[in-house]
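Counting starts at 1 for both ligands and their atoms, in listed order.
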Amino acid sequence: MDIFESLESEVRTYCRAWPTVFSKATGSHVYDEEGRAFLDFFAGAGTLNYGHNHPRLKEQLLLYLADDNIVHSLDMYTVAKRHFLEAFQEVILEPRQLGYKVQFPGPAGASAVEAALKLARKYTGREMIVSFTNAFHGMSLGALAVSGNSMKRSGAGIPLSHTVPMPFDHYLDGQSFQLFERLLDDRGSGLDTPAAVIVETVQGEGGLNTASPEWLRGLADLAAGHGMLLIVDDVQMGCGRTGPFFSFECAGIVPDIVCLSKSLSGYGLPFAVTLLKPELDVWEPGEHNATFRGPNPAFVTATAALDFWTGEGMEKQTIAKGEQIQVALGKIAGGHSEAVTGLRGRALAQGIAFAEPGAASAVCTAAFERGLLMETSGPEDEVVKLMPPLTTTTEELSEGLDILRDSVDTVLV
Ligand SMILES: *Cc1c(COP(=O)(O)O)cnc(C)c1O
């Protein structure tokens, strides 16, 4: 441990919850250097939807590297990029009748969000962006300005401006858009007409709060009615985490801009895209740039990962596995009705919220000691969050859910 603690910055976090040194991983398991196995219900915070080192993706990557194919190319045309764009069009966009253009904004989710915010402001000529309570969109200044968490926001060290938060679905009782709509319509409200609204369908970091399809449709209508662009940040919930490839498909809406990253490469390689309706493509060449916006190895694994999406199998299995989790969480909650404040999330992004401060973290620690990796979510870290790879087998799910139940029972004696 010494080199980590002496040399690595205090900013490190996950390693504090999981004080061991990891070395290997396959499928839904990771192993530390002592050879101890952990079932991974964390999946790189949603980056490893197809598990660790998926053999089919690994094979394509190794072939690509062994043959001296180009690795770094900024935004030059490459064969690997062509294959990715062709496959993305054929497997993802065309079957869903989505006419998006694809921007490669740089490798991180925050890069995709920054590009979306800049483009919305440029296209509309407006400054204000509406975000939602408990949103998380990344740690760069623009993305942080539309994120809710006060600890992360204060890290900016400067005012985060030109944004305004509105209540997410179920934040207040009753009519969700009453306030937002009234402020937009009232010329005395003090709210400048926004360029865009940015939303997650399920708030991965903010506590697995879930927007209903009706709420999302209402938001899309509100945005269209007031000339605001609708940006869906699908960085964590996209690539099938909630069932369909895009998490907003359940609502039947078509956002103006979509951000994807985390599981897009399918292999844990950094890769992001910003999808935009063609009429929004008002960029000047080079107006938004990044050194690592042509990650060819990621193009290769992302193209291979799209094979998971040629039929409906992935979506159906994910929903079925989600039901398995929901039943198990329901039983755990039923056994501790005082301590559990609710079940959260959808499909393979679900969680269980606890009343007692520290309970969720204690459950995750107990689970780690029993060989299961899970993280917490929510403004008070009050939710134990389950995000297994979509490729996790039902047996592995049962095994993990048993460990979870055992961990909850231990913590809530
Ligand atoms: C992780 C995440 C981001 C930021 O992605 P980075 O790669 O960490 O910059 C943005 N939005 C959502 C919803 C995320 O989950």
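- Evaluated by nearest non-hydrogen atom to atom 4 (C) of ligand 1, the leading choice among A110, S261, A45, G46 is A110.
- Atom-to-atom distance recorded for S147:OG and K152:NZ is 9.0 Å, nearest 0.5 angstrom.
- Checking S247 against T242 by side-chain atom types alone, no donor-acceptor pair falls below 3.5 Å.
- Electrostatic pairing of E59 and R56 does not count as a salt bridge here, judged by no charged N lying under 4.0 Å from a carboxylate O.
- Geometrically, ligand 1 and V235 share no nitrogen or oxygen pair separated by less than 3.5 Å.
- With a 4.0 Å heavy-atom cut-off, ligand 1 is reached by no atom of M139.
- The shell of residues lying under 4.0 angstrom from ligand 1, judged by heavy atoms, includes E200.
- The ligand atoms of ligand 1 that sit less than 4.0 angstrom from a heavy atom of A108 are 7 (O), 9 (O).
- Dense packing is recorded around CD of E8, with more than 12 heavy atoms of other residues, nucleotides or ligands lying under 6.0 Å away.
- Of the protein's non-hydrogen atoms, the one nearest atom 6 (P) of ligand 1 is G109 N, 3.4 Å.
- From the protein, the heavy atom lying nearest to atom 2 (C) of ligand 1 is K262 NZ, 2.5 Å.
- Residue-ligand proximity, H137 to ligand 1, at heavy-atom distances under 4.0 Å covers atoms 10 (C), 11 (N).
- Side-chain atoms of S212 and D169 include a donor-acceptor pair closer than 3.5 Å.
- Using a cut-off of 4.0 Å between Lys/Arg side-chain N and Asp/Glu carboxylate O, K24 and E33 are scored as not salt-bridged.
- The protein reaches atom 9 (O) of ligand 1 closely, with a heavy atom under 4.0 angstrom from it.
- For atom 11 (N) of ligand 1, the nearest non-hydrogen atom of the protein is D233 OD2, 2.6 Å.
- Around the CD atom of E279, the shell of radius 6.0 Å holds more than 12 heavy atoms that belong to other residues, nucleotides or ligands.
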